[in-house]
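Accompanying notes for the structure given below.
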Amino acid sequence: MKKINLKVKLGQRIILKNPVVLESGCFGYGEEYRDLIDINRVGAIVTKTITLKPRAGNLPPRLVETAAGLLNSIGLANVGIELFLKEKLPYLKKFSTPVIVSIAGEGSEEYLKLVQILNKEKIAGIELNISCPNIKKNLVIAQDEVETFNLVKAVRKKTELPLLVKLSPNVTDITRIAKSAEKAGADILSLVNTFSAMGIDSETGSPRLGGVVGGLSGPAIKPIALRMVWQVRKATSLPIIGAGGILSCNDALEFIIAGANAVGLGTAIFVNPHAYQEIITGLKKYLFRKAIYDVNELVGSLHEN
Amino acid sequence: MKKINLKVKLGQRIILKNPVVLESGCFGYGEEYRDLIDINRVGAIVTKTITLKPRAGNLPPRLVETAAGLLNSIGLANVGIELFLKEKLPYLKKFSTPVIVSIAGEGSEEYLKLVQILNKEKIAGIELNISCPNIKKNLVIAQDEVETFNLVKAVRKKTELPLLVKLSPNVTDITRIAKSAEKAGADILSLVNTFSAMGIDSETGSPRLGGVVGGLSGPAIKPIALRMVWQVRKATSLPIIGAGGILSCNDALEFIIAGANAVGLGTAIFVNPHAYQEIITGLKKYLFRKAIYDVNELVGSLHEN
Amino acid sequence: MLQIKAEIIENRELLSAIYYRLSLKAEKIARVSKPGQFLHIKVNPVGPPVSHGVNQEIFPLLRRPFSIHRVKRQNVDILYRVRGKGTEILSQRKKGQYLDVIGPLGKGYKLPDKGAKIILVAGGIGVASLYFLAEKIAPPPISGGFTPLEGEDRRRGVTHFTILIGGKKAENILCRDEFERLGGEIKVSTEDGSLGRKGLVTDLLSTFNLKPSSVIYACGPMEMLKKIAEIARSHRIFCQVSLEEHMACGVGACRGCVIRVKRERYKRVCKDGPVFNSEEIIW
Amino acid sequence: MLQIKAEIIENRELLSAIYYRLSLKAEKIARVSKPGQFLHIKVNPVGPPVSHGVNQEIFPLLRRPFSIHRVKRQNVDILYRVRGKGTEILSQRKKGQYLDVIGPLGKGYKLPDKGAKIILVAGGIGVASLYFLAEKIAPPPISGGFTPLEGEDRRRGVTHFTILIGGKKAENILCRDEFERLGGEIKVSTEDGSLGRKGLVTDLLSTFNLKPSSVIYACGPMEMLKKIAEIARSHRIFCQVSLEEHMACGVGACRGCVIRVKRERYKRVCKDGPVFNSEEIIW
Ligand SMILES: Cc1cc2nc3c(=O)[nH]c(=O)nc-3n(C[C@H](O)[C@H](O)[C@H](O)COP(=O)(O)OP(=O)(O)OC[C@H]3O[C@@H](n4cnc5c(N)ncnc54)[C@H](O)[C@@H]3O)c2cc1C
Ligand SMILES: Cc1cc2nc3c(=O)[nH]c(=O)nc-3n(C[C@H](O)[C@H](O)[C@H](O)COP(=O)(O)OP(=O)(O)OC[C@H]3O[C@@H](n4cnc5c(N)ncnc54)[C@H](O)[C@@H]3O)c2cc1C
Ligand SMILES: Cc1cc2nc3c(=O)[nH]c(=O)nc-3n(C[C@H](O)[C@H](O)[C@H](O)COP(=O)(O)O)c2cc1C
Ligand SMILES: Cc1cc2nc3c(=O)[nH]c(=O)nc-3n(C[C@H](O)[C@H](O)[C@H](O)COP(=O)(O)O)c2cc1C
Ligand code: FES
Ligand code: FES
């Protein structure tokens, strides 16, 4: 039996055993899933987004289940970079799996400070969560080409670590943001973050989320996320971590065929912590059955007429 | 027992018996549902989008069911304005319900021609489906403020009929497009159209839709559509027909509380042609139970703290 | 065409466990149904929406189309194969529950002229609609509410027909007894040879002495229908095929279920079909 | 904490038809479960995903949390009320089927010191977790795999407890017999007076002679817990409450299930709770 290759390189320096990545915010700091997920078997992990100062997060309720989706308004609750480095990162570094640290700041100075702190750490890469507003201009960075370019460029100058940029789907044309990030020096693109959305309790006439508007994830958004990955694949040559509603191996295959070099699991972790393993096994079976043997050959292989 | 008022005015001249509108493309030319839907009981109907020339539409397959959603790539298949006026409109005019004719053109000249033709007809209004590309600039009109403004302005000059503009959700900030349409003289805003999305058959490695990319509708998109209606409510003072994933009375209530003056049913018609009646009955019960008595009082009543 | 809540009279697993026969009490639909027409069924349990904004109708979201298999007084039956989630959920519905059903939909088979040599060709679950057709062509001997073909003698076998049934294995061959009771001549083929002739049902058809006076009615997988259309064409035989496409509305409104045809470019399976003259189709 | 596919041993409707008791074979979970902890259950049928890209796991999408109600050898029971779609689907699962279960999760009740006057207060389905607690406090007479409280005498009634159970009507009062078998003193209140004292369970509590040596354990609706916290506070009684919030991960990772607390601002119900000291909470 021929050996199946699941190994994937994202840029020059991040090598994954397999293309399954655990996404930011859905795997906490890793420890929480200690008993359920074997980090050594996963392709890579992205930490909960870390900010300079600890953040308590948004008012509850923070979670609402929607039709085939999950609406959340966590509000970047996190322990802050200091505690993260002291108490959370050491645990994650015990594993053989690349650890990507997601960061966000209010304004580029905060991003740069975070990057400078992380430069001293042995981590696989930094992911810029740019779905936060630029406080000066009151505009979400990932929704603006110029803002994205400026931030990525500024960060690029300050770090040699592999740089991932996480794109927001709440845009008119995601390829323009992707190209801005590429031009500014991003190494890898990660897409998509959640869709801005809300729910209303008609009995009380109030928003279902304490934060009123939150982010929609899960199977509901899959067809839209998939379209975006496909578009970005055609618009840039950067490696892509594709995410948005992936639950099963079949979902993962769709993203890979559309052009994702790796696939991210967010909501799936909640639904089934074991999903990563089912997807890895499923990919192997599929590649064997199709006599492809190397997952990289599948990337972007969509037949278009 | 106090009488419940479901009557809704959209702008100066469109009066609906109740706030339930059957959306463009999902009710065909009305005749198809002759045996299942009593048009006289519906608030208003919007016809399938009509173009100047007949259009055969896109290559099949044109439909895919997704998680709580429907992905379609019909491609504006329609009989063209000439046959529409001759064979389809007469049927719809038999009812006491306002008929809004949806139109689309490739370039503003086609829109203007269509409007001039429709000016002679006794219809309740014209809805501009602006999710078509501007052929000159190869850019979807509804995705661009200036394009939207120019088109709506041009049409406004040529017609006294109530003018509806149907917004696309595939934008960074829907309020900007809404405000453009308002400034240019739109009477009513209709949102949302479908989300650009796709599906892939991992077995064959091909797109599931003949047209590769199609439009996502149904419950999956509801939380995003709802957020957009809420935003547009705050950004403009135009009447809104809110749509996107409404199946039940509860869904309709969410949209009304968020700010929709009327609610549109698209995919729901396929799922349950009788949904309109269940929603109307449900609204009455709700209003009675809450002692509100007039549905207009509910519009935009969301409690925000 | 009606939308009704129809009570389930029976939802019975057939021998091979992936096939089911569902009987619905649907008198008004029964009265007007014609062979080749279909029902559009919401397989989810009928019930009030739950709180919390998520409606139980959402999975699966769309209705599923099924050919009318049999009509008996107030009952309408379908015969179905469990294929994906929708049919799996349908197979779990129980007697006494209700289903939301729209029907009858579509244009059915054009009935044959007198004296025609009638050949029915079924692939797998394709027997479903052909059985209803056969009943009209050759009504069963006991008058049980079946409407015989107009001007047709009620005696069995007056209108003779042959039915070829093909499938992968013996367990995919359905309704043999039923067709026999109608007096049809039955030929079977299976791909693995476990029943009847080994091979494809189209091979079986090729062995026939086909004359221009023959008419073919076929229902089954696309490749089978395509092959049959070729055979019919080469023998200049009038041939009707029942097609499938994914559907949303089922009533002709959405233009989603189209297939490519020679003249108008596209026709809707739900409204212009599902039965088409094999000559119209771009295969 | 484990993720397992647990076989359903029983899923029994209780008297009032909206309550069910589900027994799962889950030995490893059974061994380590503590009163107040919970299971996070995927209520959908376990099975392979279907073709067509739509997975049957999607409705409902998230797991549902349920307190551990009872542990008996290899079995873990929950007691649940049908509330929305998830619990409705759960109520349809049958003996012999499997459920995907994660557990035990969360921090349970802090067990009382010796000699404390123990008062349990349950609102409706709140009895679920309190029964497991009561079993630890006052192990049942027949040694049936129940682990008695460390250093505790096995004889019934050695540790005395009182349980107050409140509900809307008589049919919302569950587990009276079970608590009686443990030797507890049982007081009941119903809002309509159809069983026990008419009124709220908090009114019942107010009639008690509460001393600082009392400890209260409460589980039920938020308003009830809030009232109890006030009573406990005014009597300077140590009081533990079990809270509910909508959950995604259930293991502390997503920060979604928080409640407002006095010091750290927010705590996670799933990981820092679900049992909290009533003093911590911002009610
Ligand atoms: C007019 C008409 C009559 C039909 N009559 C019968 C019948 O009498 N008995 C019967 O068993 N089946 C019949 N079918 C097919 C039946 O509708 C599908 O098997 C059913 O919709 C599958 O639903 P599902 O949710 O189980 O499968 P899904 O999970 O939706 O899909 C499972 C597989 O079936 C395919 N599929 C789904 N829907 C269709 C469709 N409409 N056409 C073709 N392939 C499809 C999918 O691509 C997939 O490969 C008919 C279809 C049509 C259009
Ligand atoms: C730690 C914990 C332990 C629990 N133990 C039990 C138990 O032992 N027995 C039992 O019957 N129930 C218990 N619950 C509540 C149970 O989880 C909910 O009733 C269940 O999730 C409802 O799911 P559903 O799909 O049926 O309802 P949905 O359709 O999701 O909602 C129905 C209604 O219930 C509300 N609801 C949904 N989930 C929750 C939740 N987690 N907390 C509060 N309200 C909710 C909704 O807002 C809605 O009003 C517990 C909850 C928690 C957090
Ligand atoms: C509860 C929750 C918290 C999240 N937190 C973050 C975060 O801190 N940073 C981030 O970049 N993305 C965050 N995300 C987005 C996910 O990483 C992912 O991009 C998104 O959920 C889409 O993937 P999915 O559908 O697989 O969940 C969060 C998502 C969820 C559901
Ligand atoms: C099959 C199909 C065809 C549609 N055709 C049109 C159309 O011709 N013109 C238009 O403006 N919108 C069209 N729409 C969009 C709907 O009118 C509606 O805006 C959208 O589906 C969202 O609402 P829903 O989730 O209730 O379906 C179509 C939608 C579907 C599903
Ligand atoms: S399914 Fe809508 S036209 Fe056929
Ligand atoms: S549910 Fe995720 S932290 Fe509690």
Side-chain angles (χ1 to χ4, degrees), chain B residues 22 25-37 48 54-70 72-78 208 210 214 217-220 222-223 226 245-251 253-254 266-275 278 282, chain C residues 1-5 28-29 32 40 42-44 46 48-65 84-86 100-105 243-261 263-272 282:
Chain B
L22 303 182
C26 302
F27 189 54
Y29 306 112
E31 278 175 327
E32 297 91 338
Y33 276 104
R34 182 196 293 263
D35 297 345
L36 304 177
I37 293 179
K48 172 78 198 161
R55 286 174 59 101
N58 290 342
L59 264 182
R62 293 180 176 180
L63 298 170
V64 179
E65 184 170 327
T66 68
L70 168 63
N72 88 78
S73 144
I74 308 296
L76 292 184
N78 80 95
R208 286 195 183 277
S217 63
K222 194 189 76 173
L226 187 67
I246 299 175
L247 281 191
S248 66
C249 176
N250 215 45
D251 299 331
L253 284 166
E254 287 192 69
T267 308
I269 305 176
F270 309 148
V271 173
N272 177 16
H274 205 243
E278 291 167 17
Chain C
M1 184 194 314
L2 300 116
Q3 180 181 6
I4 56 162
K5 303 250 188 284
K28 287 186 187 161
I29 292 179
V32 292
H40 213 25
K42 190 83 180 106
V43 299
N44 320 55
V46 172
V50 294
S51 57
H52 206 38
V54 179
N55 197 297
Q56 63 183 322
E57 298 185 321
I58 66 155
F59 185 57
L61 183 65
L62 298 174
R63 288 166 184 272
R64 298 291 190 261
K85 196 58 203 151
D100 187 324
V101 175
I102 300 175
L105 297 175
L243 298 185
E244 295 190 359
E245 247 309 332
H246 288 216
M247 292 184 179
C249 71
V251 302
C254 75
R255 271 78 189 160
C257 63
V258 299
I259 44 136
R260 296 172 63 209
V261 296
R263 292 187 182 223
E264 295 101 306
R265 195 132 161 217
Y266 296 120
K267 274 193 170 179
R268 296 161 298 181
V269 169
C270 71
K271 179 88 178 176
D272 307 314
I282 301 180

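The chains referred to below are lettered A, B, ... by the order of the sequence lines, with proteins before strands, and numbering in each begins at 1. Please read all numbers here as calculations on a predicted model, not as lab measurements.
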### Query
What distance separates C/L62 CG from B/T66 OG1, expressed to the nearest 0.5 Å?
9.0 Å
### Task
Sort B/L70 into side chain, backbone, both or neither according to what part of it lies under 4.5 angstrom from a heavy atom of chain C.
both
### Message
If I measure from the heavy atoms of chain C, does B/T267 come under 4.5 Å with its side chain, its backbone, both, or neither?
### Response
side chain
### Task
Just jot down the salt bridge (Lys or Arg N to Asp or Glu O under 4.0 Å) partners of B/E278, sequence neighbours excluded, or say none.
none
### Proximity breakdown for B/N58 and chain C, heavy-atom pairs closer than 4.5 Å
backbone
### Task
Tell me, with the steps shown, if B/E32 and C/R255 meet salt bridge (Lys or Arg N to Asp or Glu O under 4.0 Å).
CA-CA 11 Å; B/E32 297 91 338; C/R255 271 78 189 160; 2.8 Å; yes
### Summary
Turns out that what part of C/R265 lies under 4.5 Å from chain B's heavy atoms comes down to side chain
### Greatest number of heavy atom pairs closer than 4.5 Å to chain C - which of B/G210, B/G69, B/A56
B/A56
### Task
Counting only heavy atoms closer than 4.5 Å, note whether B/L59 contacts chain C via side chain, backbone, both or neither.
both
### Per-residue contact mode, C/L2 against chain B (heavy atom under 4.5 angstrom)
backbone
#### Entry: Any residue meeting side-chain contact (heavy atoms from CB on, under 4.5 Å) with B/P273, in chain and number order, not counting sequence neighbours
B/Y33, B/L36, B/I37, C/Q3, C/R63, C/I102
### Query
Given the options B/C249, B/G28, B/P61, B/A77, which has more heavy-atom pairs under 4.5 Å with chain C than any of the others?
B/G28
### Query
Got a second to check how far B/R62's CZ is from C/Y266's OH, nearest 0.5 Å?
5.5 Å
### Message
To the closest 0.5 Å, what do you measure between CG (C/N44) and CD1 (C/I58)?
### Response
9.0 Å
